[in-house]
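To start, the structure under review is shown below, and the notes come after it.
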Amino acid sequence: YGAYLINLFHIPDYKINTADFNHLLHGDIVFEFEEKLCNYVGAKYGCSVSSATNAIFLSLLGKNITVEIPSVIPAVVGNVAITSGNKVAFRDDAKWVGGSYTLHDFGDYKIIDSAQKVERDQFSKEANDDDLMIFSFYPTKPIGSCDGGMVVSNNFEKIKWFKEAAFNGMTFSKDNWDRSLKFPGYKMHMNSLQAFLANENLKKLDDKNKALKKVCDAYNSHLGLVNNSRHLYRINVKNRTSFIKSMKNAGIQTGIHYDTLHNKGLHADGQFYLPESDHDSRTTVSLPFNEKLTPNEVERILKGVDEYAHRC
């Protein structure tokens, strides 16, 4: 991002002394972060993993179902639906981007993919006790780290299984010498470095969201929109290539979130007609949206949008 004066995201930097960890891979900071995030979102139990992708993989593993997901979505979600042993279908939904959506509803419980949204008491407000809610700590996400993820629930037995599956299939215990091999599992646990960074950024999340709300309100007021995401601010433009070039020339970084999956590469079999998604994927663009934006920078960004609109 160094080539751009106004960045799309802000990623905090930290100086870390690994000597402060009692274990580099699975120290006490991992359990501390699990507890603090659960308290923040209003869930009783949580299992941290090395990525949100792995959390989704474990949540869908061996279900032998068709997972219907929005087509406008990161490609990894479609990939992991397949690699976990399922089929994938697509629905015409682009409005979820920057928030959360139901990955799958089994009837007695559902999986909520909230990789782009973290709010206080979110689980207690949006989920039932047996539901699973998955968060991401990819660097650009609301709580950034050097990747990582967590699945939370009020169902202890479900979270216990995730802890075992993510730690080589070993019976769950904080002490390694109390573990025994229960089933063939995976090496997917979160390490101490990931937990430390995520924990530090969790401490800043309330202030970050307050700052982002001011930016969002300024954008909404000027552009006449009602966006409410605290992760992305997306608009639609007539000629995206031209718009991105125009903003880049003005020293403003923009992004695309996201292209469609249903008509590209692996998934392009022609069985899905999704006009809303097709239109959105051609016209969507994300404006800089980070907590470090100053009022002058916001004004400059909006001026760039206005100048492009005037030329068109």
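- M190 and F57 are assigned to two separate hydrophobic clusters, defined by single-linkage of ILVMFWY side chains at heavy-atom distances under 4.5 Å.
- Residues L293 and K214 fail the side-chain proximity criterion, which asks for heavy atoms closer than 4.5 Å.
- The number of heavy atoms from other shown groups lying within 6.0 Å of NZ (K213) does not exceed 12.
- None of L60, I65, N64 except one satisfies the side chain to side chain contact (heavy atoms under 4.5 Å, CB included) rule with S84; the exception is L60.
- The shortest distance between side-chain heavy atoms of Y40 and R120 falls below 4.5 Å.
- Taken from CG in L132 to CG in D113, the straight-line distance is 11.5 Å, to the nearest 0.5 Å.
- Inter-residue side-chain proximity for S286 and R234 is flagged as met; some heavy-atom pair is nearer than 4.5 Å.
- H231 places none of its side-chain heavy atoms less than 4.5 Å from the side chain of L212.
- Between N7 and N290, the side chains place no donor N or O within less than 3.5 Å of an acceptor N or O (distance only, hydrogens not considered).
- Using a 4.5 Å heavy-atom cutoff, the side chains of V151 and V49 are not in contact.
- Aromatic ring centres of H267 and F272: separated by at least 6.0 Å.
- The aromatic rings of Y258 and W96 sit parallel to each other, their planes meeting at less than 30°, with 60° as the upper class boundary.
- A donor-acceptor pair is defined here as one N or O able to donate and one able to accept, closer than 3.5 Å; such a pair exists between the side chain of E34 and the backbone of S48.
- Although no hydrogens or angles enter the test, the distance criterion places a donor-acceptor pair under 3.5 Å between the side chain of R91 and the main chain of E68.
- Judged by distance alone, the side chain of T284 and the main-chain N or O of S281 form no donor-acceptor pair under 3.5 Å.
- Under 3.5 Å, the side chains of D306 and H222 contain a donor-acceptor pair of N or O atoms.
- Put simply, the side chain of I235 reaches to within 4.5 Å of the side chain of F243, judged on heavy atoms.
- Here the SG-CZ distance, from C216 to F289, works out to 4.5 Å after rounding to the nearest 0.5 Å.
- Taking a 6.0 Å sphere around CG of D269, one finds it holds more than 12 heavy atoms contributed by other residues, nucleotides or ligands.
- With hydrophobic clusters built from ILVMFWY side chains whose heavy atoms lie under 4.5 angstrom apart, L58 shares a cluster with I111.
- For the pair I244 and V285, the tightest heavy-atom approach, listed with the atom from each and the gap, is CG1-CG2, 4.1 Å.
- Scanning all heavy atoms of the two residues, the minimum distance from L103 to I56 falls at CD2-CG2, 3.7 Å.
- Closest approach of G46 and K163 over heavy atoms only: O-NZ, 3.1 Å.
- Checked by atom type and distance alone, the side chain of N128 never pairs as donor or acceptor with a backbone atom of D130 at under 3.5 Å.
- Taken together through direct or relayed side-chain contacts under 4.5 Å among Ile, Leu, Val, Met, Phe, Trp and Tyr, V215 and I301 form part of one hydrophobic cluster.
- Minimum heavy-atom separation, T171 to R179: O-CG, 3.2 Å.
- Remark: the N168 side chain and the H189 side chain contain no N/O donor-acceptor pair separated by less than 3.5 Å.
- Rounding to the nearest 0.5 Å places NZ of K182 at 15.0 Å from CZ of F167.
- Under the 4.5 Å side-chain criterion, counting only non-hydrogen atoms from C-beta, L37 is in contact with L202.
- Heavy-atom neighbours of Y273 OH from other residues, nucleotides or ligands within 6.0 Å: at or below the threshold of 12.
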What do the steps show when you test L225 against Y233 for side chain to side chain contact (heavy atoms under 4.5 Å, CB included), and what is the final call? CA-CA 10 Å; L225 300 175; Y233 194 95; 3.6 Å; yes

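- Of all the heavy atoms in M133 and Q122, the pair that sits closest is SD-NE2, 3.8 Å.
- The two residues V77 and Y101 come nearest to each other via the heavy atoms CG1-OH, 3.4 Å.
- Applying the 6.0 Å contact sphere to NZ of K264 captures more than 12 heavy atoms from other residues, nucleotides or ligands.
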For the pair L302 and L223, evaluate side chain to side chain contact (heavy atoms under 4.5 Å, CB included) and give the outcome as yes or no after the intermediate values. CA-CA 8 Å; L302 290 171; L223 299 173; 4.0 Å; yes

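- Linking Ile, Leu, Val, Met, Phe, Trp and Tyr residues whenever their side-chain heavy atoms come within less than 4.5 Å places V305 and I256 in a single cluster.
- K208 places a side-chain N or O within 3.5 Å of a backbone atom of P142 that can act as its donor or acceptor partner.
- Without hydrogens or angle criteria, D131 side chain to I112 main chain gives no donor-acceptor distance under 3.5 Å.
- A side chain to side chain contact (heavy atoms under 4.5 Å, CB included) with V67 is found for exactly one of I82, V80, N86, namely N86.
- For Y138 and F9, the distance between ring centers is not under 6.0 angstrom.
- There is no side-chain donor-acceptor pair under 3.5 Å between D105 and T102.
- Here the side chain of N220 pairs a donor or acceptor atom with the backbone of N227 at under 3.5 angstrom.
- Checking side-chain atoms of K36 against main-chain N and O of N199 turns up no donor-acceptor pair under 3.5 Å.
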Apply side chain to side chain contact (heavy atoms under 4.5 Å, CB included) to the pair K141 and Q116, showing each step before the final yes or no. CA-CA 6 Å; K141 295 298 174 62; Q116 301 186 10; 4.2 Å; yes

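- We find that E276 and K95 are joined by a salt bridge, their nearest charged nitrogen and carboxylate oxygen being less than 4.0 Å apart.
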Pair T260, L274 - check side chain to side chain contact (heavy atoms under 4.5 Å, CB included), show working. CA-CA 9 Å; T260 50; L274 307 177; over 6 Å; no

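- Between R300 and E297, none of the side-chain N atoms (NZ, or NE/NH1/NH2) sits under 4.0 Å from a carboxylate O, so this pair counts as no salt bridge.
- Other residues, nucleotides and ligands place no more than 12 heavy atoms under 6.0 Å from the CD atom of E299.
- Put simply, the side chain of R230 gets close to the backbone of N228: a donor and an acceptor are under 3.5 Å apart.
- A salt bridge is absent between K44 and D129: the closest approach of a Lys/Arg side-chain nitrogen to an acidic carboxylate oxygen does not fall below 4.0 angstrom.
- Between the S71 side chain and the S277 main chain, no donor and acceptor come within less than 3.5 Å of each other.
- Under a hydrophobic-cluster definition in which Ile, Leu, Val, Met, Phe, Trp and Tyr are linked whenever side-chain heavy atoms come within less than 4.5 Å, directly or via other members, I143 and F135 are assigned to the same cluster.
- Contact annotation: the side chain of D207 never approaches that of K204 to less than 4.5 Å [non-hydrogen atoms, C-beta and beyond].
- One distance of note links CD1 of I252 with CG of L5; it measures 8.5 Å at 0.5 Å rounding.
- Using cut-offs of 30° and 60° for the angle between ring planes, the W161 and F183 rings count as parallel.
- Atoms CD1 and OG1, on I6 and T254 in that order, are 11.5 Å from each other to the nearest 0.5 Å.
- Residue N191 holds its CG atom at 7.5 Å from OG of S145, rounded to the nearest 0.5 Å.
- When the shell of 6.0 Å around CG of N17 is examined, it contains more than 12 heavy atoms from other residues, nucleotides or ligands.
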